[in-house]
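Just below is one structure, and these are the notes that go with it.
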Amino acid sequence: MASFDNIVINTNLATFSAHYGFDSKDKDNVHYGQLVDAAIGIKDGKIAWIGSNEQMTPYLSHYQIAQIKDAMGSWITPGLIDCHTHLVYAGNRSNEFEARLHGASYQDIAAQGGGIVATVSATRAASQEEIFAQSEKRLLALLKEGVTSIEIKSGYGLDFDTERKMLTVARQLGDKYDVHVSTSYLAAHALPPEYKDRADDYIEQVCEWLPILHQEGLVDAVDGFCENIAFSAEQIRRVFAVASSLDLPVKLHSEQLSDIGGSALVAEYQGLSSDHLEHLSETDIEKMAVSNTVAVLLPGAFYTLRDTKLPPIDALRKHQVAIAISTDCNPGTSPLTSLLLAMNMGCTLFYLTPEEVLAGATVNAAKALGLSHKGKIEIGCDADLALWDITRPADLCYQIGLNPITGIMRQGQWRKTL
Ligand code: NIG
Ligand code: FE
């Protein structure tokens, strides 16, 4: 047997890999790809060996105590992946939360100059250091729950310098903390006040800034907000055309409040994901199935806006579109920094199964970010793992407000403090 840097014994694995568990007669085993009484070996930051505890036991004497973790029957999942967040911003919008409690809608607030544009003013006014200090608290809350990869969007700058500032802070967070950060350029998030009635001119700027920020290494993907209170599919198409000329993958906020063709456009560009989707049609689901685009569902926004229109879960299942779940952490529609709570909401509000929701925060979230070596426990994949004091994987979706994490490994190293 090869030598390992780290080993975990006496564990149960929810692998989310098609290589494990799927042939089992055990019904419980079908979706998690689960292996019970297992052990796992890690080498050079990757998963190097997966097998039964019994197979590993004779080799334990070759290792030092510090290299061996006895999980004592607890569970390992892939490290969680939060694939849709706006966690870098300044200020907050609890005033809008109060206004909504008095009956104002999200659209009313946006029309009166609040909403996204209010956070834009706060983010433009704040220094890079201030934005970093405010954002790192949100990141730390997510990391404590076993998040090992996260997507972070720009989109509260809406001018070149502030979009750059946001993306820079996202990169700095990834440098300072033990987490993989994927950035998305979301300058097409809202129309800044200085471009009032000139949306096409603004889109032209968005298209001009993109190659520069990409050149600076700040952009991993390109996003937009396709909605009647934001940009049309034709305007987003212009941004996607530039993204594709730079070989950057695309994704989109689509069909959150209405259906104006966002997901169809994403599918045309073979996009990584289409997100929100409450108003998505079956025709466009078929297009997403063909383009292998992930449906990212955001129950925190559904909950906060007291939405009543459910995303078309059955049709997504029917056409086998991969479903991911994310916090959508943002100051307006989803001030949520708990992926475990988003997973619980995915079950309770969207009627997803725990298996679907867990796949949605691991393997399918990785797919939504184009990270083919993350989100599953498979030989050769990154050793990003979460160790949980639970008796079955569904406990992670069922318990509300309890964080059962007992260990986090990233790139083969156990995190020193949780
Ligand atoms: O994902 N829908 C657009 N963007 C965010 C909300 C941003 C905000 O209100 O600040 C979302 O819901
Ligand atoms: Fe969002």
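Numbering starts at 1 and runs along the sequence shown. For ligands, and for the atoms within them, numbers begin at 1 and follow the listed sequence.
Ring geometry for His86 against Tyr156 counts as tilted: the plane angle lies between 30° and 60°, on a 0 to 90° scale. Between Phe4 and Trp49, the ring-plane angle classifies as tilted under the 30° and 60° cut-offs. Between His253 and His189, the angle of the ring planes lies from 30° to 60°, which puts this pair in the tilted group.
Here is the list of ligand 1 atoms found below 4.0 Å of a heavy atom in Tyr106: 6 (C), 7 (C), 8 (C), 9 (O). Within ligand 1, counting atoms from 1 as listed, the ones closer than 4.0 Å to a heavy atom of His84 are 1 (O). Residue contact check: His276 has heavy atoms under 4.0 Å from atoms 1 (O), 2 (N), 11 (C), 12 (O) of ligand 1. The distance from ligand 1 to the heavy atoms of Tyr156 drops below 4.0 Å at these ligand atoms: 7 (C), 8 (C), 10 (O). Residue Thr333 approaches ligand 1 through these ligand atoms, each under 4.0 Å from one of its heavy atoms: 6 (C), 9 (O), 11 (C), 12 (O). Those atoms of ligand 1 that come under 4.0 Å of a heavy atom in His86, given as number and element, are 1 (O), 4 (N), 5 (C), 11 (C).
Taking 4.0 Å as the cut-off between side-chain N and carboxylate O, Asp223 and Lys251 do not count as a salt-bridged pair. With respect to the salt-bridge test (charged N to carboxylate O, under 4.0 angstrom), the residues Arg124 and Asp161 do not qualify.
For the pair Tyr202 (side chain) and Ala187 (backbone), a donor-acceptor distance under 3.5 Å is present. Between the side chain of Glu130 and the backbone N or O of Ser127 there is at least one donor-acceptor pair closer than 3.5 Å.
At a cut-off of 2.8 Å, His84 is counted among the residues with an N, O or S atom near the Fe ion (ligand 2).
Residue-level check: among N/O/S atoms of Asp328, OD1 sits closest to the Fe ion (ligand 2).
Under a cutoff of 6.0 Å and an axis angle of 45°, Arg138 and Tyr89 form a cation-pi pair.
Backbone and side-chain nitrogen or oxygen atoms of His253 are examined, and one is located within less than 3.5 angstrom of a nitrogen or oxygen of ligand 1.
Every heavy atom of Thr119 sits 4.0 Å or more from the atoms of ligand 1.
Contacts between Glu227 and ligand 1, counted as non-hydrogen atom pairs separated by less than 4.0 Å, are absent for every part of the residue.
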